[in-house]
Structure formats: C-alpha cells, structure tokens
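Letters A, B, ... mirror the listed sequences (proteins, then strands); counts begin at 1.
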Amino acid sequence: MIAEIALPIPVSKTFSYSVPEHLCPIIKKFQRVIVPFRNKHTSGFVIDVEDASNAGLKEISQIIDFYPLIDKNIERLCYWAGNHYVTPMGIVLKYALPKYLKPERYLLSRFNCDCHYRLWESKKDLPFEKVLSLMGIEDVISHLQEKKVVLYDKFTKKAFTEDIVSQTYSKEGKRFLFLGAIQRRIKFYLNLMEDQINKGRNVLMLLPDYNLSGGFFYKILSEKFKKKVFWYGSSVSQNLRMESYFRARNETGNIILGNKSAIFLPIMNLSMIIVERHEEDSFRNESEFRFNAWEVAKKRAEIENIPLILGSVSPKIEIFKGINEGEYALIEDELPLLKNFYQIEINRKRFFSGSIPQEMETIIKDKDKSKKKTIVFTPRKYYSSHIHCINCGYNFICPLCASPLTYKKNEDRLYCQACQKDFDYRNFCPQCRSDLIGFFQFGVEFLEEMLKKAIPDKHIILLTGDSIEESKSLEIKSVHDAEIIIGTNIISKLYGIECDKLIFIGIEDMLSMAGYRAEEKLFQFLYNTLDALNPEAIYFFVDEKKGFNLEHFLYYKEFYIEELEKRRLAEFPPFKNIYLITIEKKTLNAGQRALNTIKQRIEAWGLKEYMKGPLYEKKKRYQWKIMLKDYDERIKDLLFSLYDIQDITIEVNPLHI
DNA sequence: AGCACGCCGACT
DNA sequence: GTCGGCGTGCTC
C-alpha cells in the first residue's frame, strides 16, 4: 500500500510513502503519522491511501493517531480553506489537528475479558495509550472488534466511537445578523443557546479573544449554563483543552467557545455557530495558514447546513452588502447612537511641546463623585513612534530594517515594531551629536506623563494589548481603583467598566494607519467602544490642521453605502479578492531575481493584466509586494505553482495594504 | 521549513 | 589559507 502524506511545510505537493505490513489494517485518511524525511523524522498527515505496489519508497515509521480525528465535514472544510487561502494541506492540517490533540492519552479502556490481567495487576481502567503500547496494535484491534474492550473518555465518561455520531433532524443553513448593543446581544445569545441545549444539541461560539470578551462571555454563560461552557484553544491548559475536545465530540448540550482553532473542532450535534464581533482582526491567523476564523465559520455552517449567527454593532462591509442581496437576514437593527459628543480642535504641535489643552484639563479635572472612570484613548502604544533630530533632521530608524523606531519611555529603550527588537537609546543624534531630539506621534506613555503633570492627584493607569497580555484579565485591583484609564484600541473591549467621560485624542490618525480598510476600521472601533463603555459624554480632540470629519461616521447606513461604493469602484474586497505576494530577500540581486521569476510566471499563465506592482520596496531587507486581483479561475493554480520559489508568502485579502 | 552544498568576500 | 553569511535545490 502507498500513502500520500501532506507535510507541514510550504510546499504544494504531497509525498508518497509505503505502508508497512503491520499498519495496513489500520491506516486511514487523516491520521497523523511519523515519516522519514531527508535524514530526520517528521510528523505528517495521511491524505490518501491506495492499493499499489510500493517499489522504492520510504516507509512510514510510526502512526500517531489510532483513530482519524476529522470527519467528512471537517475534511471538506479543510480542503476548502486550503484552496481559498492558497495554503498547502500539510499546513492547513497542522492548525486543524494541532500537536496537543492526543485523545489516546485521555481515553480509558474497560476490559470485558480476563486477558488484561496478564498485562497488569491493577483493576483500574488504563489509558488507551498505555494499552496500545502494552498489547500491540493487532491485539488491540481484535479486542475492539470482539468488543472485549470498550473505550470512554475520562471527562464525559461516555463511550467513545471512531465516528462522530450526530442526530438527524431537519436543519436550515440560513445566515443572520443581529445588529444591536451588547446587553441585547447577550440576551439574544442566551435565548438561542438555552433552546439548543434543551434540544440536546451543541453550540459553537467564536469570540475575538480569550482575555477580554472571552472572559466576559465565559462568566455570563457559565452563570446561566453551569458546567456546560468550555473554551477550546491554545489559551487554556492541555487538560482543559482536551476536556473541551471530548465535551464537544462526545457529549451534547454544551457550549463550546473559542477564537480561531475551535472552528476545526469536531462537534457532535452541532446545531449553530455564533460569531461575536466577527469584524475583529483577531479572527485572522497571521502566520503560516492565514485563515480568518469567521470566514471558515461561514463555510462550516454552509457545509453542515446549520444557521450562522453574527452579532455586532459594526458588521463588516461585506455583511452589509450581503443584507442588501438577501444573503443575511437582519434580526434586529438598533445601534448605539453617538450622542452627547463634542469635537474640539487643538494645535497638536503645542500639545507635543508639553502644554495640555485647557479644555482637556478642565474636562478631566471636573469629576463627579461617582465611581465611574474617565477613559482616554490614543491609537499608539509606548511613548513616541517618530523620533528625529531637530538640528540635522536625522530620523531614528531600525539598523536592521530601516523602519521608524518607537521610544519606550518606561524601559528607556528604542523598539522596532517590524523586527520586534529592542535597541539602546542615547540622548543625542547619532549623525550630528546634537541633543535636540524631537518626539512626535505620541502614544499612551506620553499622555500618561502629560496628564500626571497636569492632574497629579488622580490615579491613572495604562491599558494596552501588552498590559492585558501580562495581567491576563481585568480582574486586577489597579483597574478598579483607577480614576483615569489611558488606553489604545483595547478600550473597545472593556465591557463592564463604567465610564462617565470618553476622550479620544488623535483618532484621526487611525485613518492613515489601516490602509484601504481605514474608514471601516475607525467606524468599527468607534461603535464597539461606545457599545462597551456606554459613556455619558464623548470628547474628540482632533488636530485643527487635519480636518477630521466626524459627520461621516454618524449614520451607519449612509456610511456603509458610501464605503461599499468606494470598494466597488476600486475593485477591492468584498467585490474582488486580492492576492498579495511578498518577496523578501537579504540581497538586492536575489530579490530582483525572485521578482522576475514571479513576473515571468504570471505572464506565462496569461494573467499579467491582473497584476499590480511591485507595490513598494523596503530598504535594507529588499522586500517587494505584488498584487493580483481575482478575475480568473486559473489564479489559484498559478499561486500554488509559486510555492517552489523561496522566501515568498501569499496572502488572500490581507488586512494591511 | 530546514538542511546540505557551493560561492564569495573577510581576516585571525 | 578557512570561516561564515547567503542563495539555491530538494525533500517520498
């Protein structure tokens, strides 16, 4: 027998191995195996088995899974995702079947015969993994076939079978959008879930993150559905992950929560998928297999013919398009209104040089006695993301990649966001030795410094993605004690914090930070923040020179119609898919050679007219980007054929362009 | 991906 | 002279 093995490497072909005699009876598609590759052993995935002579092939050395871990539906889902995101199957399966999935370790074996006493003394049911190694595969198979041994998992204690059994009942795979505020969404989700649980079905819910919205929903859901709520994903311990795995696969009446990888989880009686705040970029996996979990959720709901429910206050533009075209049914249509807001124009230059605008000081000082917090937003973390010498004009740039350096005041170090590396900071210009160093484009640390100077008696804390990472949740005392919170985009997820005043500083900068999705991202951030914080008054401090037009974001339908029209004219998503090819080489010559190869390849496929670029060149690292638009079905084949060129990545509908 | 091989420029 | 960085080819 010959097995086709997909290896988790960026190569768009599979490798054939011969199946050793003793493994022939148990080898199956989607088992993980260990194979010799080069001079090492690597794990891979069986994606096909055929009865053919195996002349001259290397042999599979070991089998990892006794049972294949995905069913027909997930198989279809993986093939769809591999094609859609132009990713080789080995890499797709690496994410769908992560290393930590080891069911055999958590399955217990109960013997109905006496023979196991030959193997051990204890009468306890042993882990299946142990039984496999003690008895050998052949003996285990015959015992299983003759029902002399039955398996159950240690969490649900229910019998384990190879196939994921699901009830059959009439299903309808419709798509819905619930457009409404957080409290209404919660109520809606709870009702839906209760109904499904009572019917003995499982619900999968995707959340944008584990620490903030994940924790918030976990708490609410577990209060209502005690011991029926499980998080599946890399944020929890191995044991909890495996518990969620078995609860989903082997038991009904559960709610499975997760962020990205959970979308590939086999689930028994799965009756609906809910995606909370599907528009969040955190659903996108940003390395290797660049999938977006909410898109995969949509496909999975389609494959399993079950409803997909999106809940949001700021859906993606493509959903708005989908509503107009009847692809989504709108359940509720009530957004938080932007009310009690004031736009104040300030001179940013003066602000940078250290004088806090009088209005800002007054607003922050004028605090009532309530426990409510004043929350201040700025889009940048750290102190300053643009440092230059005022004397000679030298810009502080990364010695490795030449992109602008950020100053971290708390650590007194320079930081390159692209390389994620730290560098020493000296208080003089490396070019002319002048000590006139100017900091521009300030972040949270700068604001903290200014506010502490102006209002020394208030308790101020900083909240950024980093600080949430460190503390793992908001259940830290300092957040509750704080009177003023200065934060970045994370403030749009601070559910349950009472806020009286919400102050935006530099929100207009977001328009130059997020590429073609900038306006959409700003809109979504704004409405999610209002939804989470429900502030009593809102202040926008914007630069008088930038001419920020808040009006544009006030009426959601008008906003979406206008934005959709721009996308249509530019032939961008959701109208056309974009494929971005990135080449990165260490030398100019090698870079140009690779670039030419790609260009020739595109030309040879007759698809040159759909090519745009190279878009830009990053100095020092020699990076180029080529954009292809999706006009021709052959584009996928062309893109897969580029996998034999080294140092390139292919991205479908990239977040940043 | 990650490793072996070969090229070329640097330097005890 | 030979050491190391970098590009290239290739993996059943």
Side-chain angles (χ1 to χ4, degrees), chain A residues 1-24 27-64 78 81-82 85-100 261 285-291 398-402 419-421 581-601 614 617-624 639-651:
Chain A
M1 284 174 104
I2 293 179
E4 285 305 306
I5 310 293
L7 295 172
I9 54 174
V11 168
S12 65
K13 63 172 182 182
T14 56
F15 295 83
S16 312
Y17 286 86
S18 77
V19 184
E21 202 77 18
H22 72 284
L23 290 178
C24 285
I27 193 127
K28 283 189 185 120
K29 276 207 289 187
F30 300 106
Q31 274 169 330
R32 289 174 293 189
V33 291
I34 294 190
V35 290
F37 188 63
R38 282 268 170 122
N39 44 9
K40 304 212 301 186
H41 286 269
T42 326
S43 62
F45 308 89
V46 180
I47 59 163
D48 206 7
V49 191
E50 50 194 300
D51 239 328
S53 74
N54 43 22
L57 293 176
K58 285 192 184 174
E59 264 192 358
I60 290 175
S61 41
Q62 209 184 314
I63 197 155
I64 298 175
C78 289
Y85 297 105
V86 199
T87 304
M89 274 312 272
I91 294 180
V92 172
L93 291 169
K94 178 180 167 183
Y95 285 83
L97 300 172
K99 277 227 160 65
Y100 58 69
S261 58
N285 193 44
E286 283 289 18
S287 63
E288 293 186 299
F289 177 23
R290 295 167 178 264
F291 69 102
C398 173
L400 302 172
C401 76
C419 307
Q420 305 190 332
K421 282 208 170 71
I581 306 160
T582 308
I583 312 143
E584 191 173 309
K585 293 276 186 185
K586 288 199 172 139
T587 63
L588 178 67
N589 248 318
Q592 277 168 343
R593 242 191 323 260
L595 184 66
N596 281 333
T597 315
I598 294 169
K599 279 191 191 163
Q600 278 163 21
R601 206 71 75 79
E617 226 175 276
K618 202 185 212 171
K619 292 280 181 277
K620 290 226 173 169
R621 262 187 177 174
Y622 304 101
Q623 189 186 82
W624 290 264
L639 291 168
F640 273 113
S641 86
L642 298 179
Y643 266 103
D644 62 1
I645 303 167
Q646 293 117 271
D647 305 309
I648 72 163
T649 54
I650 299 165
E651 246 182 300

TODO: Would you check if the side chain of A:Y643 reaches a backbone N or O of A:V86 as a donor-acceptor pair within less than 3.5 Å?
DONE: yes

Task: Taking every non-hydrogen atom, the tightest pair across A:P8 and A:I91 - done: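 Closest approach of A:P8 to A:I91, heavy atoms only: C-CG1, 3.9 Å.
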
TODO: Return the minimal non-hydrogen interatomic distance between A:I2 and A:V19, and the atom names on each side.
DONE: C-CG2, 4.2 Å

Open item on the list: Under the rule for salt bridge (Lys or Arg N to Asp or Glu O under 4.0 Å), what residues qualify as partners of A:R32, not counting sequence neighbours?
Closed with: A:D65

Rounded to whole angstrom units, what separation is found between the [atom1] atom of [X] and the [atom2] atom of [N]?
{"X": "A:E4", "N": "C:dC12", "atom1": "CD", "atom2": "P", "result": "13 Å"}
{"X": "A:E584", "N": "C:dC6", "atom1": "CD", "atom2": "C1'", "result": "14 Å"}
{"X": "A:I645", "N": "C:dG7", "atom1": "CD1", "atom2": "P", "result": "15 Å"}
{"X": "A:E59", "N": "C:dC12", "atom1": "CD", "atom2": "P", "result": "14 Å"}
{"X": "A:H41", "N": "C:dC12", "atom1": "NE2", "atom2": "P", "result": "11 Å"}

- [ ] Could you pull out all residues at least two apart from A:F30 that satisfy ring-ring contact (aromatic ring centres under 6.0 Å, His included)?
- [x]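 Partners of A:F30 under the ring-ring contact (aromatic ring centres under 6.0 Å, His included) test: none.
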
Task: Gap separating the CG atom of A:L93 from the CD1 atom of A:I47, nearest 0.5 angstrom - done: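 Between atom CG of A:L93 and atom CD1 of A:I47 there are 7.5 Å.
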
Nucleotides 1-6 of chain B: which of its N/O atoms have a protein N/O under 3.5 Å away?
| unit_1 | atom_1 | unit_2 | atom_2 | d |
| --- | --- | --- | --- | --- |
| B:dG2 | N2 | A:R38 | NH1 | 3.4 |
| B:dG2 | N2 | A:R38 | NH2 | 3.1 |
| B:dC3 | OP1 | A:K40 | NZ | 3.1 |
| B:dC3 | O2 | A:R38 | NH1 | 2.6 |

Task: Reference residue A:I64; test side chain to side chain contact (heavy atoms under 4.5 Å, CB included); the match among A:L97, A:I34, A:V33 - done: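 When side chain to side chain contact (heavy atoms under 4.5 Å, CB included) is applied between A:I64 and each of A:L97, A:I34, A:V33, only A:I34 qualifies.
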
Task: Bracket string, DNA chain C, 5' to 3' - pairs by Watson-Crick or G-U geometry under 3.5 Å, | interstrand - done: |||||||||||.

Using nucleotides 8-10 of chain B, report all nitrogen or oxygen pairs with the protein that are shorter than 3.5 Å.
none

TODO: Pick base, sugar-phosphate or nothing for A:T587, based on heavy-atom distances below 4.0 Å to the nucleic acid.
DONE: sugar-phosphate

Open item on the list: When you compare the side chain of A:I650 with that of A:F640, does any pair of heavy atoms fall below 4.5 Å?
Closed with: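 No, too far: nothing below the 4.5 Å cut-off.
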
Open item on the list: Are A:F15 and A:I9 packed together at the side-chain level, in the sense that at least one heavy-atom pair is separated by less than 4.5 angstrom?
Closed with: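 SC-SC contact between A:F15 and A:I9 confirmed.
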
- [ ] Among residues two or more places apart or on two chains, list those pairs meeting salt bridge (charged side-chain N to carboxylate O under 4.0 Å, His left out) that have a residue in residues 589-601 of chain A.
- [x]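 Those involving residues 589-601 of chain A are A:R601-A:D644.
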
